[in-house]
Undergrad: 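The structure that follows is given in the form of structure tokens.
All values below come from the heavy atoms of this structure, side chains included, with hydrogens, waters and symmetry mates left out. In what follows, chains are A, B, ... by sequence order, proteins preceding strands, each numbered from 1.
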Amino acid sequence: MQYFLDRIRIAVAEATRTPPDQIRVEQPRDASKGDFAVPCFVLAKAANANPAQFAAELATKLAGDLIEMEVAVAGPFLNFRVERGELAKRTIESILDAGLSFGSSEEGRTKRIVIDMSSPNIAKPMSVGHLRSTVIGAAVKRLHKFLGFETFGINHIGDWGSQFGKLVAAVRRWGGGVDLENDPIKALLDLYVRYHEEEGKDPSLDEEARAAFRELESGVDGEVRAIWRRLTELSLAEFEKIYARLGVEFDLVRGEAYYETHLDATVQRIVDAGITEESQGALIVDLESIKKGMPPCLLRKTDGTTLYATRDLAAVFERWELHHFERCLYVVGMDQRLHFQQLKAVLKRLELFWEPRVVHVDFGMLRLPEGKMSTRKGRVVFLDDVLDRAVQEARRIIVEKNPGLADLDRVAEQVGVGAVVFNDLKRERVKDIEFVWEEVLSFEGETGPYVQYTHARLSSILRKAKESGEGAVPPDWGAVGDAASVLLSLGRFPQVVRSAAEHAEPSEVTQYLLGLCRETNSWYASTRVLGEAPPATAARLALVAAIQTVLATGLGLLGLAAPAEM
RNA sequence: GCGCCGGUAGCUCAGCUGGAUAGAGCGUUGGCCUCCGAAGCCAAAGGUCACAGGUUCGAAUCCUGUCCGGCGCACCA
């Protein structure tokens, strides 16, 4: 499709003697107007002419140039309609030539993208809330990789901070009665909830927790540290199971605790830069000069221990030294927006030129119908349960609709998990989501299984064609003339991928796939592929193969499987 | 109180860096499997694009203000 866009842009540029990059070629919302359009308002203004008249004159100038398309004048718009056979041939052949790499590129070569994603907290269950960071991060990573970037995904585990003092204190007090081996996450959650229940009644608990964290941070290798280490191991093992189901991998899994030994140097570096000050006994960086009203960044508390921000600074410094990243993306919820603004503000005060490359890829919060999720109150939906129920539902439907399916377990897993993942990537990142079981477990309409199903049907046709040997004649491209909207969508795929990566917005891909499936299914319902005149069948089979390829690629980028049968 | 984000059909959302008559899904109603997979397709109904100003040839889209909702605001992460 880029081909046609370029043809139009260059022709118009020459005819109007305007630089090509200033010519805007768009696709009309209303397909009946044409495949492409050039609004002439701006061009006419530059020529000091009436837009409609300008368009009409331009059309006559273009007449000889663009032989493969019709040029029509509609008031101030110039509409282009590509000859159907030409549109089909160019689009389909470029996709089938490239195969699964259609839409990929090398434009990111030598550039490195660091992505901080998932980053759950130790000793807490992974909730559907963490799913967003994991799934968005993984998709953003794949998108970049597809465009040739070197990607580096980091799971920055929350294994440090005063909350672990609380947990260690809780384990010491009540740990004997809790089964940490069998269902460790559940047991830890119970401890966590119990701590917060009893904290109010028993002030000594708080002191114990503080003491425990002080000991932890002092580096003493005693009982506190042993307990902490055990909690970490148990949690990581549980997390791994979920990542395996989601098909998510990291290049580095590292707890915040790692930065323990870097903290003094980090603080020193900032002190040496002369931007710190003492305030109410704490060590801070004032940020008023960056943005009026922004709260200061705390590096050290009154008691000398460090904070989240200190550790994130240590981490970002190291990431820069190691990767010299093009961008460092933090896929973290919106509730931490201020934190990242402060982080960037400190980098600004340090006058680090790479500060703009640090980007907070934020996303909206997930709520339950009964209110905000709260680990402390035990009001959470566990990710494992969601996946299990979705897979169970997928299995039920498969048994009902496709009882003969050979690989039931595997496909049910692919479809069920796919539904959950797709559902999370469907909307724009910034939007808050209310978690509704009914919606997550729905497999109809704008869902992952809908896309997978479309893919499976196309695969089915291709399978049958292979068996019967159809399609082995030169195609009659005119036979897919009724699929123009599908062809135009297929042609857009590379731009969609590029835009989604740039904006770190996987929903651009999900929305695109839904549209492509809608158009495909509509076409499919009205046009027969197999058993038609051989050249027609050949062309339609090629189209089916092209769509199937793009769907498979798109699903893959989002982290969904594309089963051939379901 | 201050700051950030959102507000489009009954519900959930698209609407591409401002362009031609604002589109889907769910739900509702009515159709379509002797034909490549009905997890599908077709059709109908459903809109003061929160509200008020402004910029522009042109605003759901940009600016200002108001209202509503979410989130955040120094020793949690």
Undergrad: Specify the residues of residues 522-532 of chain A, ordered by number, for which at least one heavy atom lies under 4.0 angstrom from an atom of RNA chain B.
TA: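 Under 4.0 Å from RNA chain B: Ser522(A), Tyr524(A), Ala525(A), Thr527(A), Arg528(A), Val529(A), Leu530(A).
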Undergrad: Within less than 4.0 Å of OP1 or OP2 of rA39(B), is there a side-chain N or O belonging to Lys401(A)?
TA: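 Lys401(A) to rA39(B) OP1/OP2: side-chain N or O found under 4.0 Å.
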Undergrad: For Gln336(A), report the nucleic acid contact type (base, sugar-phosphate, nothing); a contact means any heavy atom under 4.0 Å.
TA: base
Undergrad: Dot-bracket for RNA chain B, 5' to 3', counting Watson-Crick or G-U wobble pairs under 3.5 Å, with [ ] for crossing pairs and | for inter-strand pairs?
TA: (((((((..((((.....[...)))).(((((.......))))).....(((((..]....))))))))))))....
Undergrad: For Arg540(A) and Arg528(A), indicate whether the former's side chain and the latter's backbone hold a donor-acceptor pair under 3.5 Å.
TA: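 Yes; at least one donor-acceptor contact below 3.5 Å.
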Undergrad: Does rC13(B) fall in syn (glycosidic angle within 90° of 0) or anti?
TA: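 It is anti.
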Undergrad: Between N or O atoms, less than 3.5 Å apart, protein on one side and nucleotides 1-4 of chain B on the other: list the pairs.
TA:
from	atom 1	to	atom 2	distance (Å)
rC4(B)	O3'	Arg337(A)	NH1	3.3
rC4(B)	O2'	Arg337(A)	NH1	2.3

Undergrad: Return no unless some side-chain N or O of Lys464(A) is found under 4.0 Å from OP1 or OP2 of rG37(B).
TA: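 It does, given that an N or O in the side chain of Lys464(A) lies less than 4.0 Å from OP1 or OP2 of rG37(B).
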Undergrad: Side chain of Asp335(A), heavy atoms from C-beta onward: which of rC73(B), rC71(B), rA39(B) has the nearest atom to it?
TA: rC71(B)
Undergrad: Show each protein N/O and nucleotides 6-13 of chain B N/O combination with a separation under 3.5 Å, one pair to a line.
TA:
from	atom 1	to	atom 2	distance (Å)
rC13(B)	OP1	Asp432(A)	O	3.4

Undergrad: Is Arg457(A) near enough to rA38(B) that one of its side-chain N or O atoms lies under 4.0 angstrom from OP1 or OP2?
TA: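 Yes, within the criterion.
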Undergrad: Give the nucleotide from the list rG72(B), rC71(B), rG37(B) with an atom nearest to the side chain of Met566(A).
TA: rG37(B)
Undergrad: Assign Ser279(A) to base, sugar-phosphate, or nothing according to its heavy-atom contacts below 4.0 angstrom with the strands shown.
TA: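 It contacts base atoms.
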Undergrad: Between protein and nucleic acid, restricted to nucleotides 66-68 of chain B and to nitrogen or oxygen atoms under 3.5 Å apart, what atom pairs and distances do you find?
TA:
none

Undergrad: Would Phe443(A) and Ile397(A) count as a side chain to side chain contact (heavy atoms under 4.5 Å, CB included) if you check the C-alpha gap in whole Å, the side-chain angles of each, and the deciding distance to 0.1 Å?
TA: CA-CA 9 Å; Phe443(A) 292 5; Ile397(A) 294 175; 3.6 Å; yes
Undergrad: For nucleotides rG15(B) and rA22(B), find the distance between their C1' atoms and express it as a whole number of Å.
TA: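 Their C1' atoms lie roughly 8 Å apart.
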Undergrad: Give a yes or no on whether a salt bridge exists between Glu428(A) and Lys431(A), defined as a side-chain N under 4.0 angstrom from a carboxylate O.
TA: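 So Glu428(A) pairs with Lys431(A) through a salt bridge.
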Undergrad: Pull out every protein N or O sitting under 3.5 Å from an N or O of nucleotides 17-20 of chain B, one pair per line with the distance.
TA:
from	atom 1	to	atom 2	distance (Å)
rA20(B)	OP2	Arg29(A)	NH2	3.3
rA20(B)	N6	Asn79(A)	OD1	2.9
rA20(B)	N1	Asn79(A)	OD1	3.1
rA20(B)	N1	Asn79(A)	ND2	3.1

Undergrad: Within the 4.0 Å heavy-atom criterion, would you say Gln452(A) contacts the bases, only the backbone, or no part of the nucleic acid?
TA: nothing
Undergrad: Decide yes or no on side chain to side chain donor-acceptor pair (under 3.5 Å) for Thr537(A) and Glu532(A), but give the supporting numbers first.
TA: CA-CA 5 Å; Thr537(A) 287; Glu532(A) 300 292 294; over 6 Å; no
Undergrad: Quick one: is rA39(B) close enough that its OP1 or OP2 comes under 4.0 Å of any side-chain N or O from Tyr453(A)?
TA: yes
Undergrad: Are Arg214(A) and Glu207(A) ion-paired here, with the side-chain N under 4.0 Å from a carboxylate O?
TA: yes
